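Note sheet for the following structure.
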Protein chains: 2
Amino acid sequence: MTILDWTERFHGTSRLPKAVRDRLRTAARIVRCPKGGQVFGPDNVPDSLLFLYDGRIRVSQSSDSGREIVLYRVEAGESCVLTTACMLAEEAYNAEGTAETDVTAVTLPKHAFDRLVSEEDAFREFVFEAYSRRLIDLLRVVDDVAFGHLDIRLAERLLVLAGGREYIQATHQQLASELGTAREVVSRILQDFQKREMITQSRGRIAITDKAALKQLAQST
Amino acid sequence: MTILDWTERFHGTSRLPKAVRDRLRTAARIVRCPKGGQVFGPDNVPDSLLFLYDGRIRVSQSSDSGREIVLYRVEAGESCVLTTACMLAEEAYNAEGTAETDVTAVTLPKHAFDRLVSEEDAFREFVFEAYSRRLIDLLRVVDDVAFGHLDIRLAERLLVLAGGREYIQATHQQLASELGTAREVVSRILQDFQKREMITQSRGRIAITDKAALKQLAQST
DNA sequence: CCGACTTCAGTGACAAAGTCACGAAACCGG
DNA sequence: CCGGTTTCGTGACTTTGTCACTGAAGTCGG
């Protein structure tokens with residue numbers, strides 16, 4: 001599969017027109033990152049824009065005390081604007097991107113990015129929409145952390161992580177890192193869920209036995 | 001003072017070049033908002049970009065349960081990109097902007113904004129930098145709320161709000177809204193500060209008596 | 001100045017969440 | 001099967017959030 005094919009398919013998913021595709025084809029470079037690898041982070045500051053072609057990146061922020069919280073996820077066809085932000089701001093930040101699957105991305109040098117933004121309306125729309133979505137995502141995180149109740153947030157997250165399936169492969173620590181809380185707290189709440197027969201637990205795995213009840217809990221404002 | 005003067009001075013503060021200034025002069029419109037008014041909010045969704053010429057806007061988010069948290073402040077010469085984000089995303093959001101002083105702003109219709117972004121490098125830089133700064137601001141808020149300790153955050157905020165002065169004109173409720181917590185919690189912590197002789201309190205007013213101690217507390221990671 | 005009214009702050013009891021220290025159980029490689 | 005590692009459970013304690021109520025400090029009309 002050539003770079004051309006990649007950018008073709010990438011543009012297919014993000015619905016960018018041919019003109020943009022042509023520009024990207026000449027300027028873009030392909031980078032890969034194995035599952036579990038750090039795509040970007042405090043040590044690993046990127047100098048290019050990042051467009052995700054395949055895979056999923058988890059963007060999280062960690063505290064000095066070792067706790068962690070997931071900010072959002074970047075899916076295939078999306079751009080990771082946080083890298084841009086940090087690039088431009090040149091400020092210290094402690095957010096990092098982790099490859100949740102094997103990841104293939106298209107990187108675009110700043111000058112090429114500038115040209116595309118100025119010359120291609122569709123690309124510009126795409127970029128601004130990406131920024132907007134992330135801002136909204138972060139607003140949601142702030143709202144959850146500042147005002148949300150943990151049992152509800154955990155129920156929500158279990159349902160999201162399960163997707164269609166009826167189980168989740170994750171440790172209590174991983175769930176705590178999703179929500180920005182401590183493992184013990186997750187353990188307590190999960191035990192409560194178990195007592196109420198909404199889930200059953202085994203090591204590193206949670207089975208949802210009463211999805212309806214979980215949903216009801218998750219939606220109880 | 002004419003629109004031209006306003007845009008002149010606005011561009012002066014934000015260091016935009018003449019070409020941008022000319023464009024703005026033709027497309028921009030001046031809006032005002034009295035102190036305490038809502039510049040934007042769930043009910044009051046703007047359809048234009050907002051550039052703050054004079055005054056200060058407090059952007060905060062409120063919960064269903066009546067609590068509130070300040071996300072950041074927009075100072076003169078800055079742009080409020082959150083309005084843009086919400087405009088583009090067309091999603092429900094519960095952030096609102098309140099005029100902390102009498103406010104004068106320049107609004108720019110979307111089409112004019114698009115042209116400027118595509119044709120003027122300096123303006124594009126300005127806009128992207130604004131987005132980046134807000135993203136970073138929100139990262140900081142998330143970090144504080146998720147991992148920070150309230151006494152430290154309150155000490156920080158007291159120092160910031162005091163600026164150079166040795167007192168702060170604010171109720172406990174207002175301070176609680178700054179930090180996204182409850183009034184009672186602020187009252188408790190302030191009483192502690194008072195016992196430790198870092199502040200003295202009177203109704204709606206807090207005097208800092210030991211700035212050094214407050215600073216030390218604020219910096220104790 | 002007085003009394004009614006509003007706003008602001010203090011308090012105690014309790015619930016929810018975070019921290020710490022420790023131990024038990026499940027898994028893994030040899 | 002054994003020793004080491006990871007994951008989970010638990011109790012004690014601290015911090016933070018919630019609720020209901022009290023009193024104190026300002027405001028305003030008369």
Side-chain angles (χ1 to χ4, degrees), chain A residues 36 61-69 141-158 167-196 199-207 217 220-221, chain B residues 36 61-69 141-158 167-196 199-207 217 220-221:
Chain A
Q61 183 167 40
S62 49
S63 75
D64 309 324
S65 58
R67 264 161 66 198
E68 197 181 346
I69 184 169
V141 173
V142 169
D143 196 280
D144 278 1
V145 174
F147 309 127
H149 290 251
L150 264 177
D151 50 352
I152 295 171
R153 292 175 60 208
L154 182 53
E156 277 177 9
R157 204 52 78 107
L158 288 178
Y167 66 92
I168 294 139
Q169 203 76 30
T171 67
H172 293 186
Q173 179 57 61
Q174 285 171 327
L175 293 172
S177 296
E178 291 278 334
L179 303 175
T181 183
R183 178 196 54 86
E184 296 92 318
V185 178
V186 169
S187 293
R188 283 201 287 250
I189 298 176
L190 285 179
Q191 285 201 310
D192 181 50
F193 286 0
Q194 199 169 23
K195 269 175 202 148
R196 292 156 72 181
I199 62 168
T200 58
Q201 300 188 67
S202 51
R203 187 189 173 94
R205 188 183 172 104
I206 295 163
L217 176 58
S220 58
T221 331
Chain B
Q61 184 167 39
S62 49
S63 75
D64 310 325
S65 59
R67 263 161 67 198
E68 196 179 348
I69 185 170
V141 174
V142 169
D143 196 278
D144 278 2
V145 175
F147 309 128
H149 291 251
L150 263 176
D151 50 352
I152 294 171
R153 292 175 59 208
L154 181 53
E156 277 176 9
R157 204 52 79 110
L158 288 179
Y167 66 91
I168 295 139
Q169 203 76 29
T171 67
H172 294 186
Q173 180 57 61
Q174 285 171 327
L175 293 172
S177 295
E178 291 277 335
L179 303 174
T181 184
R183 177 192 59 82
E184 295 91 321
V185 178
V186 169
S187 293
R188 281 202 290 250
I189 298 176
L190 285 179
Q191 284 201 313
D192 181 50
F193 286 180
Q194 199 168 23
K195 269 175 202 150
R196 291 156 72 181
I199 63 168
T200 58
Q201 299 188 67
S202 51
R203 186 189 173 93
R205 186 183 174 103
I206 295 163
L217 176 59
S220 59
T221 329

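Computed from a predicted model, the values in this text were never measured in an experiment.
For the pair A/I206 and A/F193, the minimum side-chain heavy-atom distance is 4.5 Å or more. Between B/Q173 and B/V186, the closest side-chain pair of non-hydrogen atoms is not below 4.5 Å.
Between the A/R183 side chain and the A/H172 main chain, no donor and acceptor come within less than 3.5 Å of each other. Judged by distance alone, the side chain of B/R153 and the main-chain N or O of B/L179 form a donor-acceptor pair under 3.5 Å. Between the side chain of B/Q174 and the main chain of B/T171, a donor-acceptor pair closer than 3.5 Å is present.
When all heavy atoms of B/S62 and A/D143 are compared, the closest pair comes out as O-OD2, 4.2 Å. Looking at every heavy atom in both residues, A/I152 comes nearest to A/L217 through CG1-O, 3.7 Å. Scanning both residues, B/F147 and A/R67, for their nearest heavy atoms gives CE2-CB, 3.6 Å. Considering all non-hydrogen atoms of both residues, B/I168 and B/L158 come closest at CD1-O, 3.2 Å.
Per the geometry, CG belonging to B/D151 stands 15 Å off P belonging to D/dT14, to the nearest Å. Between B/I168 atom CD1 and C/dC8 atom P there is a gap of 17 Å when expressed in whole angstrom units. For the pair B/H149 NE2 and D/dG17 P, the computed distance is 12 Å after rounding to whole Å. Rounded to a whole Å, the CG atom of A/D64 is 12 Å from the P atom of C/dT19. Straight-line distance from the CD1 atom of B/I189 to the P atom of C/dA9: 15 Å, rounded to whole Å. Distance, A/L217 CG to C/dA16 P: 13 Å, rounded to whole Å. In this structure, A/L154 places its CG atom 13 Å from C1' of C/dA17, rounding to the nearest Å. Summarising the geometry, the separation between CD on B/E68 and P on D/dG17 is reported as 15 Å, rounded to the nearest angstrom.
Summary of the strand contacts: B/T181 and A/R205 both lie near DNA chain D, and taking for each the nucleotide with the nearest heavy atom, the more 5' one is attributed to A/R205. Comparing A/G204 and A/F147 against DNA chain D, the residue whose closest nucleotide sits nearer the 5' end is A/G204.
One distance of note links CG of A/D144 with CD1 of A/I69; it measures 8.0 Å at 0.5 Å rounding.
An angle of 30°, rounded to 10°, separates the two end axes of the helix from C/dC1-D/dG30 to C/dG30-D/dC1, each defined over five pairs.
If you check every strand for non-hydrogen atoms under 4.0 Å, B/S65 touches nothing.
A salt bridge links A/R196 to A/D192: at least one charged side-chain nitrogen sits closer than 4.0 Å to a carboxylate oxygen.
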Protein-nucleotides 9-13 of chain D N/O pairs closer than 3.5 Å?
| residue | atom | partner | partner atom | Å |
| --- | --- | --- | --- | --- |
| D/dG9 | N7 | A/R183 | NH1 | 3.2 |
| D/dG9 | O6 | A/R183 | NH2 | 2.9 |
| D/dT10 | OP2 | A/Q191 | OE1 | 3.0 |
| D/dT10 | OP2 | A/Q191 | NE2 | 2.9 |

For this session: Give the B/S/- string for nucleotides 25-30 of chain C, one per nucleotide from 5' to 3', where a protein heavy atom under 4.0 Å of the base yields B, of only the sugar-phosphate yields S, and otherwise -.
Result: BBS---
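Candidate nucleotides C/dA16, D/dC8, C/dT19 were compared by shortest atom distance to the side chain of A/T171, and D/dC8 ranks first.
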